[in-house]
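Working notes, structure below.
Side chains are part of it too, since the values below use all heavy atoms of this structure and drop only hydrogens, waters and symmetry mates. Residue numbers begin at 1 in each chain, while the letters A, B, ... track the order of the sequences.
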Amino acid sequence: MPGPRARRTLYGTIRCMVSSAQKIPAYSPQTIEPKWQKIWEERRQYEATESDVKAKFYLLEMLPYPSGDLHVGHARNYTLGDVIARFRRMRGLNVLHPMGWDAFGLPAETAAIARGMHPRAWTASNIANMRSQIKKLGTSYDWTREVDTSSPEFYRWTQWLFLLMFRKGLAYKAEAYLNWCPKDKTVLANEQAEGGVCWRCGTKVERRKLNQWFFRITQYADRLLEGLDRLEDWPERVKTMQRNWIGRSEGATLSFEVESGIGHVDVFTTRVDTLFGATFLAIAPEHPLLPRLIAGHEEASAVEAFAASLKDKTELDRTQLMEKQGVFTGAHAKNPLSGERIPIWVTNYVVAEYGTGAVMGVPAHDQRDFDFAREHGIVIRTVVKPADAASVPSASKLPSAFVDDGVLVNSGEFSELTSAAARTAMTAKLVAKGAGTPTVNYKLRDWLISRERYWGAPIPMILCPRDRYVPVPESELPVRLPDDAPITGVSGSPLEHVPSFMNTTCPKCGGPATREPETMDTFMCSSWYFLRYLSPHDAREPWSQKAVRYWAPVDHYIGGIEHAVLHLMYSRFFYKVLADEGLVPGDEPFMRLFNQGMVLGEGHEKMSKSHGNTIGIDEAVRKYGADALRIFEMFAGPPESDFPWSTTGIAGATKMLQRIWRLVLQHEPALRPQLQSGGRADVDGRPSDAAETELRHSVHAKIKQIGDELDDRMHLNTCVAAIMSLINDVDDFAAKHEHADESPAFAEALRTLLLLLAPFAPHIAEELWERTGHEGSIHQQHWPAYDPAALQRASIAVVVQVNGKRRGVVDAPPGLDENAVFEKAKIVETVAAQLQNKRVRKLVYVKDKLLNIVAN
RNA sequence: GCCCCGUUAGCUCAGUGGUAGAGCAUCCGGCUUUUAACCGGUUGAUUCGAGUUCGAUUCUCGGACGGGGCACCA
């Protein structure tokens, strides 16, 4: 006959099986997720207001373009933000987490042409659809702050900001060669045509000369660079990309007098020290002096033909031609220091828009000039030799240009100087002669912000025959976008064909005038939208000063790497202008930047409509539930790297949630005592046996690990792994411990498990919180504090090595000294066997971890 | 060509100057029929070479492979 204990155990097991079969309901995300989403919304749980006592945390994800549908890649982005938002709230911060729509842009016009739908209607229906998809993920946005950049209430302030730029002299209209995308039929800013292709559609851009509006972002080049140094929590690669794009280079502008009093050709160089090696000048075909240079020379017609052949070639076309081309102009110039007479060439490799559109050709010390000189039989003269070279290498035998710094030769009074010293000395002499100026040049060009398109914010300017460009008075904003413009897709602004829009009066003289028919680059909307969230319904200011002093800057910004230069540089520029106006605190808008990776298709290919491999949010949530989708996407890899979609992976997430579901509901009675004590189970969680000590160790280690991870590095995948590991430990305890449900440590573990899970799987955590009798939302609980004492162990397994190889393990109390551990180790059989017939030479002891016995 | 990052189990990812973990997959058993949403268990790994060290998956150097950025900007 079995004893009382055995009987009880057997009975307990049977009862447990019966109750689990009868009482535990199925986990149904399709039921609980909409339920909680509705309750949270009714309770207005995630709406944020300024607080006098709580510290703020402004968390932002880049606002999406409302293209119609969201897939699981977008879900990853929003989930990442949501986990952080929920965690920060539990940490006691006042979290602002808004969402909105970058609603102006080309696809709406394309859709209008293709389907005969008005861009506004198309955009509105897409927004409605996408908003519902984002809500289905269980995201905790404050929807009362939603913005739509295409609404007059919003674009009124985009126009206001244009006027601010104009007033500050930062907006101007000019004729220039521009990038033109033949597919999208629009001009593009330089950043938007990187690599010679349209950033949106990848089509090769063409070159067109047009009269357009620009912002003087180049005036802020140095400040944009300097600010990067202070952005410690930005990914290094984004900063590198911005630095490369701005492309600052220090040098000097040198003036070469042209023969016969035609004037002078200015060149920019970073290598003044190589001036004596200049054997030609190379100018771009667009150089303004060119017509005068060739006038009267027999070479004139050849030069004109060459320039004409390049006229429509973009920078990329010209520079990608492997071979450098050029034609002699027939003109000569004089070296400002040596007085040497050198020929002037027109070439395809000098960029008209950079520097002065002219360079001095120093073939011996510049690879491009070297290639060109070889091709065209131009003299190559060495003027810099390597510091350690005994003699000057013969120029005719050089395999390539020597581009490093060195020691000057063949440079008159400057010979024997180092390159660096020569640059200083030669620049000083040139300045004294009036033939040179120290200069800083940038690759960055001014930002082209006008677009000959319909679906954008109209530029609030009026063209008066008498007063030229006159800004629309602020009181007349917004300049409304008329609904009835003909959208045909042909070039030219659609607004031009709407007389009721175009015809107006000049605010200055009252005479008849016309409006600027162009609209603004949508990157303007996204350059300031994050400030509008702060007081989205304010009709008097773009953002309230009180709100901006509390919330700005954005503490944590999440978005794709594709905006490393584009949106993130434009926004920084805007913010610095606004800082100069005293309209925002600080001068950087985004303190911490995080670039999330992509979700790829199951075969590691990019997920896109054209691949036909997209998995929509609706579909994924319907099939698996939002919590499983969230858990899978957070677990599948570190947030910054790409990972492939995996149906088995998401099934794994479901399994994990089901395990928690069963575990918590099966052991729900365990939580009752601590509910009666007002949730203070943690303090009563003192362990009474070894298993409880182990369980508490695990629980508190996980609290610390997950909290640290979310505070700092944000590798959310490791947090999910830690939760899985905790489930294993809790499960093991329940299976092995006879009175699990009476153990305070176990109750603490279950409760903690739910709290740790809450940011990741908010619905199931909330549902179980309620089902286990807790009051209030789990999302308004405090993040648990870990007990440092629980992280200490009574007994530690110290590894024993012999000659660096693991041979055994001994149990020791923490802090045991070397000799005591050695005494214990010697009697371990596997260790003793290794020590036989050997002399112990040395002991290496790492306290509480390891003893290595070196013996031979 | 230059610069940066990475390479851990079959797959996707953790981790550590000293015992290498998770999920999925595999295999075994249970449950019974779940048709890529059951339970328990099992197998299984540090890219290569050299160096530093008592001990290297971890640190250093070099190679291979993969990813990213820059590339006529004077």
Quiz item: Which range-with-range stems can be found for RNA chain B when each stem has 3 or more Watson-Crick or G-U pairs in a row and both distances sit under 3.5 Å?
Solution: B:1-7 with B:64-70, B:10-13 with B:21-24, B:27-30 with B:38-41, B:47-51 with B:59-63
Self-check item: Distance between P atoms of B:rU7 and B:rU47 (Å, rounded)
Solution: 8 Å
Quiz item: Who passes ring-ring contact (aromatic ring centres under 6.0 Å, His included) against A:H365, sequence neighbours left out?
Solution: none
Quiz item: What interatomic distance, in whole Å, is found between P of B:rU35 and the corresponding atom of B:rG67?
Solution: 39 Å
Practice problem: Verify the contact: side-chain N or O of A:N717 to OP1 or OP2 of B:rC13, cut-off strictly under 4.0 Å; return yes or no. | Solution: no
Quiz prompt | Atom-to-atom span, CZ of A:R243 to C1' of B:rC3 - whole angstrom | solution = 13 Å
Practice problem: Round to a whole Å and report the spacing from CE of A:M656 to P of B:rC39. | Solution: 14 Å
Exercise. Using heavy atoms to find the nearest nucleotide of RNA chain B for A:D731 and A:T356 separately, return the residue whose nucleotide is more 5′.
Key: A:D731
Quiz prompt | P gap between B:rC38 and B:rC48, integer Å | solution = 36 Å
Quiz item: How about A:K849: does its NZ atom have over 12 heavy atoms from other parts shown lying under 6.0 Å from it?
Solution: no
Exercise. Can you tell me, in whole Å, how much space there is between the P of B:rG41 and that of B:rG51?
Key: 44 Å
Quiz item: For A:R662 and B:rA37, is the shortest distance between a side-chain N/O and OP1 or OP2 below 4.0 Å?
Solution: no
Self-check item: Nucleotide nearest A:P638 (side chain, heavy atoms from C-beta), chosen from B:rC72, B:rA14, B:rA37
Solution: B:rA14
Quiz item: Starting at CG of A:D369 and ending at P of B:rC72, how long is that distance when rounded to a whole Å?
Solution: 14 Å
Quiz prompt | Minimum-distance pair of heavy atoms, taken over all atoms of A:P363 and A:G277 | solution = CD-O, 3.8 Å
Quiz item: Given atom NZ of A:K838 and atom P of B:rC54, what is their separation to the nearest angstrom?
Solution: 18 Å
Dump every N/O contact between nucleotides 64-70 of chain B and the protein below 3.5 Å, one line per pair.
{"unit_1": "B:rC70", "atom_1": "OP1", "unit_2": "A:E194", "atom_2": "OE2", "d": "2.5"}

Quiz item: Touch check for A:R713, heavy atoms < 4.0 angstrom, all strands: base, sugar-phosphate only, or nothing?
Solution: sugar-phosphate
Exercise. Hey, can you tell me if A:Y27 and A:W661 have their rings parallel, tilted or perpendicular (30° and 60° cut-offs)?
Key: tilted
Quiz prompt | Atom-to-atom span, NZ of A:K842 to P of B:rG55 - whole angstrom | solution = 9 Å
Quiz item: In a check of side chain to side chain contact (heavy atoms under 4.5 Å, CB included) between A:V799 and each of A:L850, A:V846, A:V810, A:L851, which one passes?
Solution: A:L850
Quiz item: Sequence neighbours excluded, which residues qualify as salt bridge (charged side-chain N to carboxylate O under 4.0 Å, His left out) partners of A:K623?
Solution: A:E619
Practice problem: Name the nucleic acid region contacted by A:K239, choosing base, sugar-phosphate or nothing; use a 4.0 angstrom heavy-atom cut-off, strictly under. | Solution: nothing
Quiz item: Between B:rA74, B:rA36, B:rA14, which nucleotide has the shortest distance from any of its atoms to the side chain of A:T647?
Solution: B:rA36
Quiz item: Counting any heavy atom closer than 4.0 Å, what does A:V799 reach on the DNA or RNA strands: base, sugar-phosphate only, or nothing?
Solution: base
Quiz item: Does B:rA74 have OP1 or OP2 sitting under 4.0 Å from an N or O in the side chain of A:S249?
Solution: yes
Quiz item: When you measure from the side chain of A:T439 to the backbone N and O of A:T253, does any donor-acceptor pair fall under 3.5 Å?
Solution: yes
Quiz item: Who passes side chain to side chain contact (heavy atoms under 4.5 Å, CB included) against A:M656, sequence neighbours left out?
Solution: A:I631, A:I660, A:V720, A:I723, A:M724, A:I727, A:L757
Quiz item: Among all residues two or more places apart in sequence or in another chain, which pass the side chain to side chain contact (heavy atoms under 4.5 Å, CB included) test with A:A352?
Solution: A:A284, A:E286
Self-check item: For A:N717, side chain to side chain contact (heavy atoms under 4.5 Å, CB included) partners two or more places apart
Solution: A:P638, A:P639, A:H715
Quiz item: Is it true that atom NZ of A:K443 has more than 12 heavy atoms of other residues, nucleotides or ligands lying nearer than 6.0 Å?
Solution: yes
Quiz item: Quick one: A:M360 CE to B:rC72 P, roughly how many Å, whole number?
Solution: 20 Å
Practice problem: Please determine, by modelled atom types, if A:D266 and A:T356 share a side-chain donor-acceptor pair under 3.5 angstrom. | Solution: no
Self-check item: Whole-angstrom distance between B:rC4 and B:rG62, as gauged at atom P
Solution: 11 Å
Quiz item: Hey, does A:R248 reach any base, or is it just sugar-phosphate, or nothing, if we go heavy atoms under 4.0 Å?
Solution: nothing
Exercise. Could you tell me which residues satisfy side chain to side chain donor-acceptor pair (under 3.5 Å) with A:Y349, sequence neighbours excluded, listed by chain and number?
Key: A:D369
Quiz item: Over how many whole Å does the gap from A:E818 atom CD to B:rC54 atom P extend?
Solution: 15 Å
Quiz item: With sugar-phosphate meaning primed atoms plus P, OP1 and OP2, does A:D642 contact a base, only sugar-phosphate, or nothing at under 4.0 Å between heavy atoms?
Solution: sugar-phosphate
Exercise. Could you tell me whether A:F635 and A:F760 have their ring centroids closer than 6.0 angstrom?
Key: no
Between N or O atoms, less than 3.5 Å apart, protein on one side and nucleotides 21-24 of chain B on the other: list the pairs.
{"unit_1": "B:rC24", "atom_1": "OP1", "unit_2": "A:K655", "atom_2": "NZ", "d": "2.9"}
{"unit_1": "B:rC24", "atom_1": "O2'", "unit_2": "A:T648", "atom_2": "OG1", "d": "2.9"}

Exercise. Check whether any side-chain nitrogen or oxygen of A:Y27 sits under 4.0 Å from OP1 or OP2 of B:rA37, and answer yes or no.
Key: no
Self-check item: Residues within residues 266-275 of chain A bordering RNA chain B, heavy-atom distance below 4.0 Å
Solution: A:F268, A:T269, A:T270
Self-check item: Whole-angstrom distance between B:rC54 and B:rG66, as gauged at atom P
Solution: 38 Å
Self-check item: Distance, C1' atom - from B:rG6 to B:rA14, rounded to whole angstrom
Solution: 15 Å
Quiz item: Given the P atoms of B:rU58 and B:rA20, what is the spacing between them in whole Å?
Solution: 15 Å
Self-check item: Aromatic centroids of A:F632 and A:F643 separated by under 6.0 Å
Solution: yes
Quiz item: Of all the nucleotides listed (B:rU12, B:rC54, B:rU19), which has the minimum atom distance to the side chain of A:V844?
Solution: B:rC54
Self-check item: side chain to side chain contact (heavy atoms under 4.5 Å, CB included) partners for A:S28, two or more places apart
Solution: A:Q30, A:T31
Quiz item: What is the distance, rounded to the nearest whole Å, between atom NZ of A:K849 and atom P of B:rG17?
Solution: 7 Å
Quiz item: Does any pair with a residue in residues 810-819 of chain A pass side chain to side chain donor-acceptor pair (under 3.5 Å), and if so which ones, sequence neighbours excluded?
Solution: none
